[in-house]
2 protein chains.
Amino acid sequence: MITMKDIAERAKVSIATVSYVLNESGNVGEDTKKKVLEVIKELNYRPNLIAKSLKMKKTNTIGVIVEDITVFNAPNIIDGINENAEKLGLSILLTNMRLEKRVSNNQNDPDLVKQIIKKIMDELVSKKVDGIIYVGLHPRDVTESIPETDIPILFTYCYTKNQEHCSINYNDEQAAYEATNYFVSKGHKKIALISGHIDSMSSHSRYSGYYKSIKKHNLLFNPTYIKTGDWRFDSGYSLTKELLETKDLPTAILAMNDQMAIGAIRACNDLGYRVPDDISIIGFDNREFGAYYSPKLTTMSLPLRRMGLLAIETINHLISGSPTDCNKLKTTLSCELIERDSVCPPNGLS
Amino acid sequence: MITMKDIAERAKVSIATVSYVLNESGNVGEDTKKKVLEVIKELNYRPNLIAKSLKMKKTNTIGVIVEDITVFNAPNIIDGINENAEKLGLSILLTNMRLEKRVSNNQNDPDLVKQIIKKIMDELVSKKVDGIIYVGLHPRDVTESIPETDIPILFTYCYTKNQEHCSINYNDEQAAYEATNYFVSKGHKKIALISGHIDSMSSHSRYSGYYKSIKKHNLLFNPTYIKTGDWRFDSGYSLTKELLETKDLPTAILAMNDQMAIGAIRACNDLGYRVPDDISIIGFDNREFGAYYSPKLTTMSLPLRRMGLLAIETINHLISGSPTDCNKLKTTLSCELIERDSVCPPNGLS
DNA sequence: TTGTATGCGTTATCAA
DNA sequence: TTGATAACGCATACAA
């Protein structure tokens with residue numbers, strides 16, 4: 001291994017001088033500088049960042065803890081993190097908790113999860129990462145699972161009650177509000193909602209957004225149009241069937257994720273309704289399969305990459321100890337409607 | 001920050017002794033050991049792995065270079081890598097090249113790619129990773145893009161001509177062979193093939209597998225049943241239309257990926273053929289959308305997680321310098337057919 | 001402008 | 001069984 005010492009000897013200068021030219025610190029004479037640079041190139045020298053980190057007490061490395069990398073949100077968030085990490089000169093130490101697999105094996109033991117996280121965070125502390133980004137599985141409160149730590153930590157796709165912690169999420173309420181507004185703009189007045197789990201934060205926020213839009217446009221709020229599913233295809237399917245058996249048919253259905261939206265389309269088809277001609281449908285999440293379905297699903301896309309971009313940028317500020325402008329901040333980014341083929345104006349019947 | 005020095009002072013022993021109890025090296029008296037352990041717990045000491053790495057010339061960290069993490073193969077490969085990394089006590093330093101985005105911006109400049117990789121690998125050298133796993137975008141030869149390096153490196157989801165390099169891939173030929181056999185086992189004799197790009201390694205291997213199966217079962221090889229697409233939905237769609245316009249209709253279609261398979265189903269439907277009753281279809285890749293389609297797509301799943309598991313295990317052997325049993329090895333793992341609803345026996349017409 | 005010397009937090013050699 | 005001390009490769013205060 002080539003070290004600064006080797007360079008120094010070969011260039012007949014001191015180690016300090018080598019360090020000066022490498023870091024462009026100090027005032028080094030033009031000719032010695034040139035000489036040193038030559039030798040560096042000649043020996044193909046690569047600085048030892050481990051040694052540098054030890055000395056500087058800074059690794060320029062961010063620990064990224066992902067609850068489950070195989071879940072749809074993770075890759076794009078990580079992609080965003082990577083993009084800005086490169087710009088900022090930061091490295092990413094990735095830990096994948098593989099929560100879904102673990103939790104399905106062992107029962108959903110909250111203490112177990114806490115232990116796993118504790119172990120991972122201890123490891124990151126030992127590795128001397130400058131900061132931590134925690135990427136959740138779905139938007140929820142993880143306060144109970146997170147141990148105390150001195151390292152700056154930031155949460156995305158989840159949040160904590162801890163006022164000291166930053167988090168970056170998307171705006172569920174705005175998203176549902178705009179999706180509902182879109183239906184209204186197309187002329188729909190009877191808009192049904194297929195919700196996710198009732199204990200989900202997202203479900204509540206999206207319901208709010210829906211309700212806000214209904215009220216704002218002075219539409220009739222019809223409680224029988226509100227159905228609660230479990231995020232899965234089957235619940236979208238069966239709840240839509242229920243919806244289609246009521247006397248006063250809705251002309252549009254907002255499903256809180258794409259699986260349930262696809263289930264809804266299937267139910268419509270099976271009962272002889274066409275989408276979008278008879279019933280318009282909007283999903284949530286902009287999953288890949290929506291683009292391949294027939295009709296192509298109109299859906300609300302999540303700002304995953306932007307969340308990643310902002311996450312690493314913010315943690316970098318946190319590390320640099322810049323003003324509190326980003327400290328203790330709970331940020332929400334807005335979603336964007338992807339217009340495809342599952343929505344059109346309601347037909348003459350309604 | 002708490003260091004071994006702090007522990008030593010507090011426990012009234014030397015730094016060396018602390019090191020001994022931490023690493024269970026040396027012979028430490030029971031009572032001093034107990035005392036030291038107490039202080040360690042009391043002060044919540046965490047070893048500084050940066051210092052340790054510097055001293056030991058070993059980081060227990062693997063650099064993982066992913067050509068594009070947003071592509072469907074990456075998350076599961078990484079998941080496998082993570083699973084075994086944890087077991088082996090290795091950390092993962094992740095670099096995402098974001099090739100798809102970069103390459104679409106700048107034209108597909110091979111030198112540019114080489115430069116990017118060079119830069120990333122230099123960075124990993126500086127970070128003193130013990131080994132590198134390179135995860136490709138699709139199965140192809142990357143020899144030209146990879147600079148020389150002293151660090152053990154292993155390729156997965158791609159390969160090099162370099163005999164010194166290990167690679168881990170899946171067996172395309174076997175996969176296509178088994179998919180075709182499956183059609184035959186259901187009674188199909190007229191089996192069409194929608195291939196991917198002709199310049200793709202996968203396309204060739206899969207074609208071989210298909211051909212082998214046709215020959216083995218003494219079926220007529222009909223060249224008009226072979227169509228070459230471009231991996232995309234649209235090509236699956238239009239090529240299937242061509243197939244359905246021939247006089248001698250096939251009863252089954254093997255598409256080399258799920259997009260083209262879905263395109264094929266759509267084409268069948270649009271021309272009034274039912275899947276699987278009239279035409280059976282098998283896809284490739286086991287993409288998520290196949291499970292949500294109607295009918296649910298029968299498809300060949302890739303052993304992505306197992307590739308990741310094996311990759312990190314192998315690189316660990318390489319690092320440990322164990323015998324050459326895994327050195328210079330080109331491994332292929334087998335694929336597995338996911339039986340769903342897009343295949344059934346051919347109807348009476350055939 | 002350049003060089004000497006010290007320390008970052010470890011491990012490990014050698015002596016006690 | 002324990003302790004003093006020299007590295008590991010680098011940055012930097014201070015001296016020259």
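Below, read A as the first sequence line, B as the second, and so on, with proteins coming before strands; counting in each chain starts at 1. Since this is a predicted model, take the numbers as computed values, not measurements. Note: hydrogens, waters and symmetry copies are ignored here, and every other heavy atom, side chains too, is used.
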Inset, instruction - Name the nucleic acid region contacted by A:Ser53, choosing base, sugar-phosphate or nothing; use a 4.0 angstrom heavy-atom cut-off, strictly under. - result: nothing

Legend entry - Nucleotides bounding contact with chain A, strand DNA chain D, heavy-atom threshold 4.0 Å: D:dG9 to D:dC14

Inset, instruction - Check side-chain contact (heavy atoms from CB on, under 4.5 Å) between A:Tyr20 and all other residues, then give those that pass, not counting sequence neighbours. - result: A:Ala16, A:Ser25, A:Val28

Legend entry - Contacts of A:Lys161 that satisfy salt bridge (charged side-chain N to carboxylate O under 4.0 Å, His left out) - sequence neighbours left out: A:Asp141

Inset, instruction - For A:Lys118, check side-chain contact (heavy atoms from CB on, under 4.5 Å) against everything at least two apart and list the hits. - result: A:Asp122, A:Pro147, B:Arg46

Legend entry - Listed once per pair and sorted, the ring pair (Phe, Tyr, Trp, His ring centres under 6.0 Å) pairs that draw on residues 39-75 of chain A, sequence neighbours left out: none

Inset, instruction - Work out how much the helix from C:dT1-D:dA16 to C:dA16-D:dT1 bends between its end axes, five pairs an end, to the nearest 10 degrees. - result: 50°

Inset, instruction - Could you point out which residue of A:Leu93, A:Leu90, A:Leu154 forms a side chain to side chain contact (heavy atoms under 4.5 Å, CB included) with A:Ile62? - result: A:Leu90

Inset, instruction - Under the side chain to side chain donor-acceptor pair (under 3.5 Å) rule, collect the residues that match up with A:Asn96, sequence neighbours excluded. - result: B:Asp79

Legend entry - Residue list, side-chain contact (heavy atoms from CB on, under 4.5 Å) with B:Glu86, at least two apart or on another chain: A:Arg102, A:Lys119

Inset, instruction - Do nucleotides 9-16 of chain C as a string where each nucleotide becomes B, S or -: B if the base has a protein heavy atom under 4.0 Å, S if just the sugar-phosphate does, - if no protein is that close. - result: BBBBBB--

Inset, instruction - Could you note down all residue pairs passing ring pair (Phe, Tyr, Trp, His ring centres under 6.0 Å) where residues 128-154 of chain A supplies at least one of them, sequence neighbours left out? - result: A:Tyr134-A:Phe155

Legend entry - Any residue meeting salt bridge (charged side-chain N to carboxylate O under 4.0 Å, His left out) with B:Lys87, in chain and number order, not counting sequence neighbours: B:Glu83

Legend entry - Phosphate-side-chain proximity, A:Ser14 and C:dT2, N/O vs OP1/OP2 below 4.0 Å: no

Legend entry - All side-chain contact (heavy atoms from CB on, under 4.5 Å) counterparts of B:Glu123, not counting sequence neighbours: A:Leu49, A:Ser91, B:Lys127

